[in-house]
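Letters A, B, ... are given to chains in the order of the sequence lines, protein chains preceding strands, and every chain is numbered from 1.
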2 protein chains.
Amino acid sequence: MKRRPRQSDVAALAAVSPAIVSLVINDRADSNVRISPETRQRVWDAVRELGYVANPIARKLAGNQNRLLGVFTYEAIFPLEYRNFYYPFLLGIEEEVQAQDYDLVLFTRASGPDGKRSIYQDSINSLQITDGAILLGVHENRSELSRLVQEGFPFVFIGRREIPDGAISYVTADYGEATRTIVEYMVRQGHQHIAYLRPPENREATLDREAGYRLAFQQLDKPLIEQHIFAGNSEEVTPQLIERFFVEGITAFLVENTPLIRRVLEIARQLGKSIPRDFSLALLGDHTEEIDPIPDITTFLIPRKEMGKEAVRLLVDLLSHPDEPHVRQVALPCTFVAGQTVAAPFRAK
Amino acid sequence: MKRRPRQSDVAALAAVSPAIVSLVINDRADSNVRISPETRQRVWDAVRELGYVANPIARKLAGNQNRLLGVFTYEAIFPLEYRNFYYPFLLGIEEEVQAQDYDLVLFTRASGPDGKRSIYQDSINSLQITDGAILLGVHENRSELSRLVQEGFPFVFIGRREIPDGAISYVTADYGEATRTIVEYMVRQGHQHIAYLRPPENREATLDREAGYRLAFQQLDKPLIEQHIFAGNSEEVTPQLIERFFVEGITAFLVENTPLIRRVLEIARQLGKSIPRDFSLALLGDHTEEIDPIPDITTFLIPRKEMGKEAVRLLVDLLSHPDEPHVRQVALPCTFVAGQTVAAPFRAK
DNA sequence: CTGAAAGCGCTTACAG
DNA sequence: CTGAAAGCGCTTACAG
């Protein structure tokens with residue numbers, strides 16, 4: 001089996017030096033490089049004849065770039081459960097990466113002995129074989145992210161991520177504005193008291209929603225009652241809590257995720273309350289799983305595909321300005337979906 | 001920003017040569033390397049003191065391997081339409097690639113100006129940046145495959161693919177045996193005449209099914225009537241054809257794909273025939289789209305995920321024996337699904 | 001048991 | 001306009 005041709009083979013065939021091959025192939029028109037069209041032609045002919053393809057690894061070592069972009073996820077990239085969740089991101093990433101003329105490396109190897117994925121394997125950054133990477137995933141490791149930032153490795157996270165000792169480039173969905181919009185919409189429908197149920201973890205995506213909720217009240221000059229915000233898991237949502245909400249005049253619920261909403265629906269059913277007659281309901285983000293009794297919920301759509309594309313654009317932008325290590329942070333608007341689960345409160349009619 | 005420490009820094013601090021650092025770090029206990037425990041200790045101390053981390057790029061270049069496996073598809077890798085179709089393959093590929101300790105490269109760049117994907121860009125094999133690749137897709141280009149084989153580039157196709165001037169490694173589903181099983185099942189149920197509807201293209205997957213159909217008749221010592229095999233597109237399936245089948249005593253239909261089956265159902269409805277009372281029906285492979293009026297069809301499941309995994313295994317096997325360029329061809333068994341669409345023929349009862 | 005040297009396949013100043 | 005040389009940071013025979 002014959003060996004892969006390398007640069008020097010091409011150079012020999014074209015009767016030029018290896019350096020010229022490199023310059024021609026990379027189309028380095030800049031500075032003092034002026035190569036005659038004839039020489040270029042000879043080089044390309046030789047390349048074609050030998051079927052030469054530059055070794056990306058050598059390229060990376062020598063020149064520090066190889067037009068390879070990485071995708072690293074903290075969960076399996078093609079997971080059954082998250083199927084509908086990751087897919088649109090990848091769709092956007094692939095599309096834009098192709099448009100930007102890069103290839104994609106999926107870091108499947110980056111997983112420790114415990115099966116958990118991590119960027120640093122034996123404390124070496126496995127992303128380094130690419131020019132830069134897009135990271136995504138819910139169960140990310142913040143200290144790894146810090147280290148990545150410190151090292152100066154170019155990457156963009158899909159989702160807002162903050163670290164104590166630096167700033168991360170990201171593209172997120174504008175959960176705050178989307179939440180604010182829904183609150184405003186509910187208030188316009190006549191709802192005076194709106195409960196907000198969120199998970200206990202202070203993830204950025206949750207904080208953004210809560211900020212939007214608070215902002216809406218502030219803008220509408222309505223007093224915000226702290227007890228109307230519930231932070232906890234679905235198991236902690238008790239009939240007593242929901243009943244208390246009703247007693248306190250709550251007529252609408254803003255719920256952050258599917259488990260919480262399932263729980264609310266279950267309890268409401270027990271209490272004999274129905275939607276949208278007895279209360280209104282909105283989900284703060286599109287659901288990837290069906291919520292059984294509700295086919296048409298009021299919610300907002302997260303622009304996942306567009307986020308994937310934007311992440312690639314940011315990354316490429318980052319790579320083309322290595323001198324100014326500016327952090328890029330972008331929030332893309334969500335689309336409001338007026339479903340059947342929000343109506344004017346009954347008493348207000 | 002201070003420069004990352006490199007091997008020579010460690011060597012200097014530990015007062016040994018760089019080679020020793022490499023040997024110690026990689027724990028090369030083999031052959032003639034015997035390094036005193038004291039030296040090892042000094043090296044590790046230096047490593048720790050400097051926070052040295054080997055550069056993976058340099059490592060790969062020197063070690064002559066990059067542990068990168070490619071995935072090339074002739075359609076977009078994350079296509080909306082084919083969503084359910086490709087997904088399981090990728091699932092299996094990712095799982096096994098991870099197990100084998102490789103990373104994955106997706107060739108998003110490999111598409112010409114016309115938008116059609118091809119392996120050879122400007123007649124250059126773009127897969128070469130990987131150690132080997134898995135190919136999949138329906139609209140493949142045979143001459144590219146031939147060229148790939150000629151070049152000796154290691155790859156495995158998912159699906160059987162034949163070329164005139166060589167042999168391709170592949171993993172396929174055993175469509176022949178699966179089809180044979182269904183015919184046998186139908187015959188046991190009492191069907192004497194079974195029609196087989198297939199697309200006009202002589203793709204390997206179709207030929208395999210037809211061979212299974214023929215083999216079943218041969219094994220059962222039943223005469224096979226050539227007119228009972230229909231090769232054509234769904235538009236070419238006419239009411240006359242189906243009526244003729246019924247007149248000729250056909251009580252069961254073997255149909256290869258979803259468009260054909262939709263057409264058969266449509267005509268049958270017009271003729272007032274119902275399943276499984278008036279005729280039995282089986283689909284030769286699992287459907288990724290729902291077939292409207294039939295929730296529970298008799299068919300076989302294609303082991304897509306397992307095919308993805310097996311493809312990776314074959315490829316890794318290929319790579320570990322570069323000396324013997326043996327072609328590997330594997331057919332994985334399908335799972336028979338006894339649905340509600342096959343029953344004993346009415347007259348036989 | 002360890003060092004000196006060559007080489008992996010590129011890119012990038014630096015000369016001319 | 002092009003060549004010779006150094007260097008990217010490692011690994012791997014080959015000596016001793």
Residue pairs fulfilling salt bridge (Lys or Arg N to Asp or Glu O under 4.0 Å) with at least one residue in residues 133-143 of chain B, sequence neighbours excluded: B/E140-B/R142, B/E140-B/R161, B/E140-B/R203, B/R142-B/E204
Distance in angstrom units between [X] [atom1] and [N] [atom2], rounded:
X      : N      : atom1 : atom2 : result
A/I129 : C/dC10 : CD1   : C1'   : 16 Å
A/N66  : C/dG9  : CG    : C1'   : 13 Å
A/I25  : C/dG9  : CD1   : P     : 14 Å
A/I35  : D/dT2  : CD1   : P     : 7 Å
A/D9   : C/dG9  : CG    : P     : 9 Å
A/E38  : D/dC1  : CD    : C1'   : 11 Å
B/R42  : C/dC1  : CZ    : P     : 14 Å

Partner residues of B/S8 under the side chain to side chain contact (heavy atoms under 4.5 Å, CB included) criterion, sequence neighbours left out: B/R6
Sequence-distant partners of B/I25, side chain to side chain contact (heavy atoms under 4.5 Å, CB included), two or more places apart: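 For B/I25, the residues satisfying side chain to side chain contact (heavy atoms under 4.5 Å, CB included) (neighbours in sequence not counted) are B/V21, B/W44, B/V47, B/Y52, B/R59.
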Please check the phosphate of [N] (OP1 and OP2 only) for any side-chain N or O of [X] closer than 4.0 Å.
X     : N     : result
B/S8  : D/dG9 : no
B/T39 : C/dT2 : yes
A/R59 : C/dG9 : no

Partners passing salt bridge (charged side-chain N to carboxylate O under 4.0 Å, His left out) against A/R160 (at least two apart in sequence or in another chain):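 Result, salt bridge (charged side-chain N to carboxylate O under 4.0 Å, His left out) vs A/R160: A/E162, A/D208.
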For A/E144, all residues meeting salt bridge (charged side-chain N to carboxylate O under 4.0 Å, His left out), sequence neighbours excluded: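 With sequence neighbours excluded, A/E144 shows a salt bridge (charged side-chain N to carboxylate O under 4.0 Å, His left out) to no residue whatsoever.
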Check: A/D131 side chain, A/L69 main-chain N or O, donor-acceptor pair, under 3.5 Å: no
Lys/Arg-Asp/Glu bridge criterion (N-O < 4.0 Å) met for B/R313, B/E306: yes
Return the polar atom pairs (N/O with N/O) between nucleotides 3-5 of chain D and the protein under 3.5 Å, or none.
| unit_1 | atom_1 | unit_2 | atom_2 | d |
| --- | --- | --- | --- | --- |
| D/dG3 | OP2 | A/S17 | N | 3.1 |

Set of residues satisfying side-chain hydrogen bond (donor to acceptor under 3.5 Å, both in side chains) with respect to [X], sequence neighbours excluded:
X      : value
B/T39  : B/S36
A/S146 : A/D165
A/D9   : A/R3
A/E95  : A/K305, A/K309

Atom pairs under 3.5 Å, N or O on each side, protein against nucleotides 6-8 of chain D: can you list them with distances?
| unit_1 | atom_1 | unit_2 | atom_2 | d |
| --- | --- | --- | --- | --- |
| D/dC8 | O2 | A/A62 | N | 3.4 |

Contiguous Watson-Crick or G-U pair runs (3 or more, under 3.5 Å) in DNA chain C: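 Consecutive-pair runs (3 or more) involving DNA chain C: C:1-3 with D:14-16, C:5-12 with D:5-12, C:14-16 with D:1-3.
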